[in-house]
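Here the structure is a predicted model, which means the values were calculated and not measured. Below, chain A is the first sequence line, B the second, and so on; all start at residue 1.
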Amino acid sequence: MSGRDTHRKAQMPKSKIRTRLAPSPTGVPHVGTAYQALFGYVWARKNDGSFILRIEDTDRERSSKASEKAIIRALRWLGLQWDEGPDVGGEYGPYRQSERLEIYSKHVSQLLKEGKAYPCFCSRERLAEMRKTRRSGADTGYDGLCRSIPASEAQKRMESGESHTVRLKSPQDGECVFTDLLRGEVRKDWRSVDDQVLLKADGYPTYHLAVVVDDHLMRISHIIRGEEWLNSVPKHVLLYRYFGWEMPVMCHLPLLRNKDKSKLSKRKNPTSIGFYRDTGYLPRALLNYLAMMGWSHPEGEEKFDLENMIDLFELEKVTLGGPVFDVDKLRWLNARYIREDHTPEELVDLLQGWRLNRQTLVRIMEISQGRLQTLSDWGPLTSLFFADDVRPDPADLRACGLEERELREMLQLLVWKLESVQDLDIDTISIELREMADKLGLKLRKLTAPLYVAISGKTSSTPLFDSMAILGPDISLVRLRRALEALGGTSKKQRKALEKRYRDLFEKSG
RNA sequence: GACCCCAUCGUCCAGCGGUCUAGGACACCGGCCUUUCACGCCGGCAACACGGGUUCGAGUCCCGUUGGGGUCGCCA
């Protein structure tokens with residue numbers, strides 16, 4: 001029997017199975033999150049366990065309530081209902097990490113007192129400098145400078161109010177060996193594990209501390225998450241050991257990939273769950289498709305529902321190769337649901353629940369009316385609201401009077417800008433576009449002209465801001481990115497320079 | 001660069017030492033059906049990365065090489 005088989009057996013639950021989804025509310029709900037949610041959800045259901053939603057909002061800068069709401073909405077749309085969470089409560093709450101600060105600080109104090117962690121007074125500047133010098137060396141990561149500060153001195157400096165973080169003391173030799181449900185034994189030299197920051201200078205915990213404390217306190221039995229976390233497991237192992245807690249089962253799922261095999265990214269694929277919702281994919285189809293990425297139905301069925309999956313699912317059977325997210329196959333599956341599972345009447349209901357409802361149609365009519373000579377003009381005029389394959393002609397984009405390079409830069413800056421706003425309503429769009437035009441020294445229409453093409457696929461269309469607002473942020477942003485791509489996209493080097501420009505334009509001046 | 005993970009058709013999966021001249025699905029290409037298209041049906045193209053072991057026997061086990069991915073933040 002192979003090692004893999006050995007570790008894949010004997011995982012019979014000793015106590016109740018509890019899985020969790022722990023997204024950070026820092027952006028748009030991602031299909032990768034849905035993917036992890038699906039497996040965690042199914043595993044919990046299969047074992048009559050619980051599925052928990054925990055919001056990891058420990059990044060004060062980037063976390064937002066709007067994002068949290070969007071995540072909850074997206075998961076609800078998918079139909080993955082959790083048993084405990086910030087909105088539904090539960091006996092292990094609160095389920096928002098920003099509401100658990102005292103818990104973390106208590107645990108950090110304990111580690112500090114026991115000499116398992118230490119305060120670090122290094123400035124961000126020093127850390128940046130240190131990383132620069134170590135850049136291509138064997139060991140990167142924190143050099144441990146503050147570890148050697150005598151306890152008494154450290155104490156004094158903390159009490160004097162000197163800004164500091166708290167770092168975990170990592171062993172300086174030996175090897176960390178842990179078990180991943182899907183991979184078996186994974187080993188990593190402790191030397192390659194640096195002293196992780198546990199508590200930030202603002203008193204908030206880092207992911208590493210919060211995740212361990214919460215998973216333990218919330219009695220999580222199986223940690224099902226993305227492979228990107230595999231390398232930080234030793235840090236978590238250490239925390240469990242220091243606290244004297246039992247480790248949950250670790251299960252790192254492969255990462256969804258772009259066509260070129262890199263980690264699924266919004267630049268190369270629509271990644272927001274909302275995009276699939278807004279372009280008319282059925283939640284069951286999306287879930288079904290996601291399930292096929294790494295798991296296969298024992299009978300070889302391609303189309304199966306959640307209940308069926310729960311029935312037959314085996315976590316240990318998940319495949320490890322990073323699956324490429326193939327929209328064509330998703331479309332095919334979605335088509336099967338549309339034609340096999342619904343009557344025409346039901347589909348009309350679906351259509352109305354989507355965009356063809358009175359409220360949305362009135363909004364669209366408000367901006368169409370003045371442009372109609374006959375009612376039949378309405379169809380072609382408004383097709384942009386009911387289509388996904390709006391492909392801007394690069395020639396139309398170039399004909400807008402901007403130099404191509406300038407055009408690409410503008411589109412990229414705009415994508416970043418709009419990604420950063422919370423609600424893409426008309427006022428916001430207006431404000432942002434005007435600010436962008438202003439900062440770039442362009443007349444507003446110079447900037448909006450190519451946007452009509454990007455959003456509608458045509459050189460003229462219904463009013464831009466309204467159209468974008470009706471389409472929603474997910475579709476609007478995808479169309480902007482597609483236009484950028486149609487122009488050849490931007491190179492890594494260009495993006496680097498543009499990022500700096502973006503920061504100069506929007507951050508320094510506020 | 002260092003470390004960790006991974007490796008079957010272009011893509012997603014099946015295969016868990018012999019039944020593999022490697023199976024299914026998407027995509028693609030033919031044909032049939034059909035007023036068009038789509039659906040459906042039939043057929044085709046197409047893969048075990050490479051090199052060493054282990055074994056009577058390797059896609060399946062071990063090692064190496066190569067390739068891909070991830071991580072190296074007071075982000076998660």
Side-chain angles (χ1 to χ4, degrees), chain A residues 1-5 8 22-27 30 33 55-63 97 120-124 127-128 130-131 134-142 163-167 176 178 180 182-184 186-194 196-211 225-235 252-264 289-303 316-333 335-336 338-340:
Chain A
M1 187 185 284
S2 73
R4 181 179 257 198
D5 286 335
R8 286 190 181 209
S24 75
T26 52
H30 195 279
T33 306
I55 300 294
E56 311 238 325
D57 56 347
T58 54
D59 184 339
R60 271 168 132 169
E61 302 264 302
R62 300 193 304 152
S63 294
Q97 292 186 327
C120 172
F121 304 95
C122 291
S123 66
R124 286 168 195 272
L127 293 174
M130 178 201 74
R131 273 179 209 117
R134 296 190 154 209
R135 187 170 13 140
S136 54
D139 40 323
T140 48
Y142 183 56
S163 174
H164 66 276
T165 62
V166 174
R167 285 183 187 270
C176 175
F178 64 93
D180 178 90
L182 298 174
R183 293 156 237 267
V186 176
R187 29 189 83 230
K188 192 165 172 56
D189 283 336
W190 280 119
R191 283 185 54 86
S192 70
V193 179
D194 74 341
Q196 178 61 44
V197 169
L198 299 176
L199 203 65
K200 309 177 201 178
D202 65 2
Y204 270 56
T206 57
Y207 171 85
H208 303 283
L209 201 230
V211 79
R225 69 220 319 173
E227 189 180 0
E228 72 242 71
W229 294 111
L230 198 59
N231 271 306
S232 35
V233 172
K235 293 167 181 178
H252 292 84
L253 261 20
L255 261 19
L256 263 21
R257 312 285 185 92
N258 297 313
K259 265 210 157 53
D260 64 5
K261 294 278 188 182
S262 56
K263 173 162 87 164
L264 194 67
Y289 176 68
L290 255 13
M292 297 186 331
M293 314 265 85
W295 182 72
S296 62
H297 187 107
E299 306 294 317
E301 298 295 335
E302 301 272 341
K303 180 165 168 255
E316 340 25 23
K317 283 273 174 70
V318 173
T319 264
L320 251 20
V324 172
F325 193 88
D326 178 6
V327 187
D328 282 340
K329 193 154 184 177
L330 206 209
R331 288 184 79 89
W332 165 79
L333 235 198
R336 284 193 62 182
I338 284 179
R339 81 176 92 89
E340 294 171 13

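For the pair A/K303 and B/A25, the criterion of a side-chain N or O lying under 4.0 Å from OP1 or OP2 is not met. For the OP1/OP2 pair of B/A76 and a distance below 4.0 Å, the side-chain nitrogens and oxygens of A/T58 include at least one atom meeting the criterion. A sub-4.0 Å separation between OP1 or OP2 of B/C74 and a side-chain N or O of A/R167 is present. Between A/R187 and B/C4 there is no side-chain polar atom (N or O) within less than 4.0 angstrom of OP1 or OP2. Note on A/S296: a side-chain N or O is less than 4.0 Å away from OP1 or OP2 of B/A14.
Among the atoms of the strands shown, base atoms are found under 4.0 Å from some heavy atom of A/C122. Within 4.0 Å of A/G300, counting heavy atoms only, lies no atom of the nucleic acid at all. At the heavy-atom level, A/R339 lies under 4.0 Å from the strands shown only through sugar-phosphate atoms. Among the atoms of the strands shown, none is found under 4.0 Å from any heavy atom of A/L199. Contacts of A/K263 with the nucleic acid, taken as non-hydrogen atoms under 4.0 Å apart, involve only primed sugar atoms and P, OP1 or OP2. A/T165 comes within contact range of at least one nucleobase, with a heavy-atom separation under 4.0 Å.
A distance of 5.0 Å separates NZ of A/K259 from CG of A/D326, quoted to the nearest 0.5 Å.
Among B/C26, B/C3, B/C75, the nucleotide with an atom closest to any side-chain atom of A/K188 is B/C3. Which of B/C6, B/A25, B/C13 sits closest to the side chain of A/E302 comes down to B/A25. Of the candidates B/C74, B/C3, B/U11, B/C3 carries the atom nearest the A/N231 side chain, counting heavy atoms from C-beta on.
B/U36 is unpaired under the criterion used here, namely a Watson-Crick or G-U wobble arrangement in which both key atom distances are under 3.5 Å.
Contact annotation: the side chain of A/L290 approaches that of A/F325 to within less than 4.5 Å [non-hydrogen atoms, C-beta and beyond].
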